Amino acid sequence: MAMTKDPASYFPAIEEKYGRPATEWVELIRSSPLTKHMELVKFLKTEHGLSHGHAYALVQHTLAADTAG
């Protein structure tokens with residue numbers, strides 16, 4: 001069985017590449033009026049220049065944390 005990486009494991013690379021802490025990206029996602037996973041990924045890619053993988057990891061982590069309560 002293949003192990004999937006925790007989305008948060010990408011945070012150091014995201015912080016290094018884009019110069020902002022992961023907490024800022026998470027708050028940006030939470031403050032967006034968008035709610036659907038791929039809408040948020042597209043928003044991060046088009047408006048903030050994130051790669052697909054980095055945007056996906058941030059959105060996945062944020063939505064999972066928010067639904068976990």
Side-chain angles (χ1 to χ4, degrees):
M1 181 168 118
M3 296 291 290
T4 55
K5 267 183 124 173
D6 176 15
S9 69
Y10 293 95
F11 288 3
I14 291 168
E15 291 173 346
E16 183 177 331
K17 182 168 184 173
Y18 304 104
R20 293 171 73 176
T23 53
E24 283 188 23
W25 294 112
V26 168
E27 288 307 313
L28 184 66
I29 292 165
R30 287 182 174 145
S31 67
S32 170
L34 304 172
T35 57
K36 294 187 174 150
H37 183 98
M38 291 310 293
E39 288 176 339
L40 288 160
V41 170
K42 183 178 178 184
F43 164 71
L44 291 176
K45 290 170 60 176
T46 58
E47 299 297 319
H48 297 282
L50 271 71
S51 70
H52 180 81
H54 286 162
Y56 194 98
L58 283 163
V59 172
Q60 183 172 346
H61 171 82
T62 304
L63 295 182
D66 289 351
T67 58

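A quick note: this is a predicted structure, and the numbers were derived from the prediction, not measured. Quick note: residue numbers are just sequence positions, from 1.
- Take Y56 and apply the side-chain hydrogen bond (donor to acceptor under 3.5 Å, both in side chains) test, not counting sequence neighbours, and it matches no residue.
- Expressed to the nearest 0.5 Å, how far OG1 of T23 lies from CG of L28 amounts to 11.5 Å.
- In the hydrophobic clustering of ILVMFWY residues, with side-chain heavy atoms under 4.5 Å counting as a link, V59 and V26 come out apart.
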Residues 10-19, side-chain donor-acceptor partners within the protein, below 3.5 Å, at least two apart:
{"unit_1": "E15", "atom_1": "OE2", "unit_2": "A22", "atom_2": "N", "d": "2.8"}
{"unit_1": "Y18", "atom_1": "OH", "unit_2": "S51", "atom_2": "N", "d": "2.9"}
{"unit_1": "Y18", "atom_1": "OH", "unit_2": "H54", "atom_2": "ND1", "d": "3.4"}

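- Rounding to the nearest 0.5 Å places OG1 of T62 at 5.5 Å from CZ of R30.
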Below 3.5 Å, can you tabulate the donor-acceptor pairs from side chains in residues 34-46 to any protein atom, sequence neighbours excluded?
{"unit_1": "E39", "atom_1": "OE1", "unit_2": "K36", "atom_2": "N", "d": "3.4"}
{"unit_1": "K45", "atom_1": "NZ", "unit_2": "H52", "atom_2": "ND1", "d": "3.3"}
{"unit_1": "T46", "atom_1": "OG1", "unit_2": "K42", "atom_2": "O", "d": "2.9"}

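- The two atoms that bring A57 and P7 nearest to each other are O-CB, 3.3 Å, heavy atoms only.
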